[in-house]
Amino acid sequence: MRTSQYLLSTLKETPASAEVISHQLMLRAGLVRNVASGMYTWLPTGLKVLRKVENIVREEMERAGSLEVLMPMVQPADLWEESGRWEDYGPELLRLKDRHNRSFVLGPTHEEVITKLVSNEISSYKQLPLNMFQIQTKFRDEIRPRFGVMRGREFLMKDAYSFHLGADCLDKTYQAMFDAYCRIFDRLGLDYRPVIADTGSIGGDASHEFHVLADSGEDDIAFSDVSDFAANVEKAEALAPKGTRPEATQTLAEVSTPNVRTIDDVAAFFKVDAANTVKTLLVMGVASADNEAPVVALVVRGDHQLNEIKVENLAQVATPLTFATDEQILATVNCNAGSIGPVGLNIDVIVDRSAAHLADFICGANKNDVHFSGVNWDRDATNYSVEDIRNVVEGDPSPCGEGNIVIKRGIEVGHIFQLGEKYAQAMKCGVLTEAGKNQTLTMGCYGIGVSRIVAAAIEQNHDKYGIKWPEAIAPYQVAVVPMNMAKSARVKETAETLYEQLQAAGIEVIFDDRKERPGVMFADHELMGTPLLLVIGERNLDNQEIEVKNRITGEKSLLAISDVMSLFNS
RNA sequence: CGGUGAUUAGCGCAGCUUGGUAGCGCACUUGGUUUGGGUCCAAGGGGUCGCAAGUUCGAAUCUUGCAUCACCGACCA
């Protein structure tokens, strides 16, 4: 490609709307342009990268035995009513009507369509297992699109769905997909981790997320500093502290604490670490048949955070998690939120494992402006149950039993689920077994955010000059950059010849034939991240040499013109 | 959806307090200059100041409403 015939569209200045580095660089390097909130046009350079990611994903999915299909982006509402998600999905599902006033949705995912397809096409166990994927535009009406294509409303996704007669068969495909995902991210040249995940709203049993590690990531991942263990912080189990609880050494004391409300206040007032205090949160419990919903107390150590997912999974607590209002708090404990404590509470009290391990701690006294010190479980506070209800923090023992927890940020680029029978059951998708009986199928589903990967790759591979593409997804492998070609006939001739040779060899080459100053050309190619620059100038032509510059390492070297093709022999 | 802020040339911004000819830098066009790291000089083109209503002789500027965009929280590839 010649730059003179290309849409380079590089920007010197950073558009103000771009927050994260990948978004800034994608705009500056001319990869994408914003059309509306969360919707982007892919320019030629960006599309080349997107297609490369797509092709790696496609190749590895096919290698793993998945069959490519293409389903419509617009789907009839009937299907969604059948699965129950017309009700469940909420406003993220963009609904529309056609000219006949029939309802449709813009597909945020394709479980309904594929399950319907399989239910129509497959009737015998002999046709199973079956695994199909597509690479297609999805639309989710995100509450808050941000970070460019990282969280767009319209985005390119690879989604795969597998169908099985039983859990064993699903396990095998799940493992095959897990392995395929590892190969995909290996080939893309990304630093990633598979992590144990919450199954979220899609529901189901086993689930792993694949995260690209980057400080700008939106998810917290908990790792073991020793083993391979990695889990989403929401999912990571917080183990009980080792050993038995220390003995009580202090007596219970009531202390007047005017204007001491927050944990920080309490710790400062008593001159203790927040870890020696507990906070007590009141949330709504599950209503029984004849009663209104009761209030339930949750107790965590002052330095810990409540994990809402873990709490919602408790039988006593209402879903979704709802905090008690100030009026309900007053009615229940007769004090303000800042002075609640577990001593003498006559409601359900659920204590986190770490909080339950404390002795001689400090908590609210259920009287305004009063706290207890020297509190001890069983002696002072009784009738409670102990559960894991907090987020893990750095330094906690790893749930795998080896090492301690380290927390890093990740960008979720892939997610695999074992769905179970949820959709197959709702949409009556079954086959006749060997015994001639109808059996509902078990499903798995496997997603990869293709457009998000492009942004994630940049987050992980850039410097102050611009993008440093991993070789596998660079839009061009090499740039031919002639110095002052307009004035030097032999520079021009050498550059043209090299360009033709490289093209003839099937190498993706961009030839900067603009009448620009060298600095402009260098800046543009470094911004766009082309891995290799061939610089042709009068300076080295006397020796029949050109300069080769490696974008990733920054190394420069001289090379005989006759040896240029040897750069690409691999 | 809640909280915050923004909207003036393709991009980045000033002007608004105190109403009176719409400006700067980058980009773009033309000519010259320069040519191994975003040259320099000169001349030019480009704006219903987000939309609507109101106040006023007169509104980018004041008032009200709406829209859009972005940031902080709850959702997800």
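Computed from a prediction, not measured in an experiment: that's the story for all the values here. Chain A is the first sequence line, chain B the second, and so forth, proteins listed ahead of strands; every chain is numbered from 1.
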Distance check, [atom1] atoms only: [N] and [M], in whole angstrom units.
| N | M | atom1 | result |
| --- | --- | --- | --- |
| B:rA74 | B:rG15 | C1' | 40 Å |
| B:rU21 | B:rG65 | C1' | 31 Å |
| B:rG25 | B:rG44 | P | 14 Å |
| B:rU17 | B:rG10 | C1' | 31 Å |
| B:rU4 | B:rA60 | P | 29 Å |

Of the nucleotides [options], which one has an atom closest to the side chain of [X]?
| X | options | value |
| --- | --- | --- |
| A:Pro518 | B:rG38, B:rC69, B:rU35 | B:rU35 |
| A:His415 | B:rA77, B:rA70, B:rG37 | B:rA77 |
| A:Glu13 | B:rG38, B:rG12, B:rA77 | B:rG12 |

Point to revise | Check: A:Arg151 side chain, B:rC75 base, donor-acceptor under 3.5 Å | key: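 Per atom types, the contact qualifies.
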Exercise for review: Can you check whether any acceptor in the base of B:rG36 is under 3.5 Å from a donor in the side chain of A:Asn540, or vice versa?
Suggested key: yes
Point to revise | Pairing partner (Watson-Crick or G-U wobble, both distances under 3.5 angstrom) of B:rG23 | key: B:rC13
Are [X] and [N] close enough that a side-chain N or O sits under 4.0 Å from OP1 or OP2?
| X | N | value |
| --- | --- | --- |
| A:Lys12 | B:rC26 | no |
| A:Arg146 | B:rC72 | yes |
| A:Arg539 | B:rG36 | no |

Give me, pair by pair, the N or O atoms of the protein and of nucleotides 2-7 of chain B that are less than 3.5 Å apart, along with how far apart they are.
none

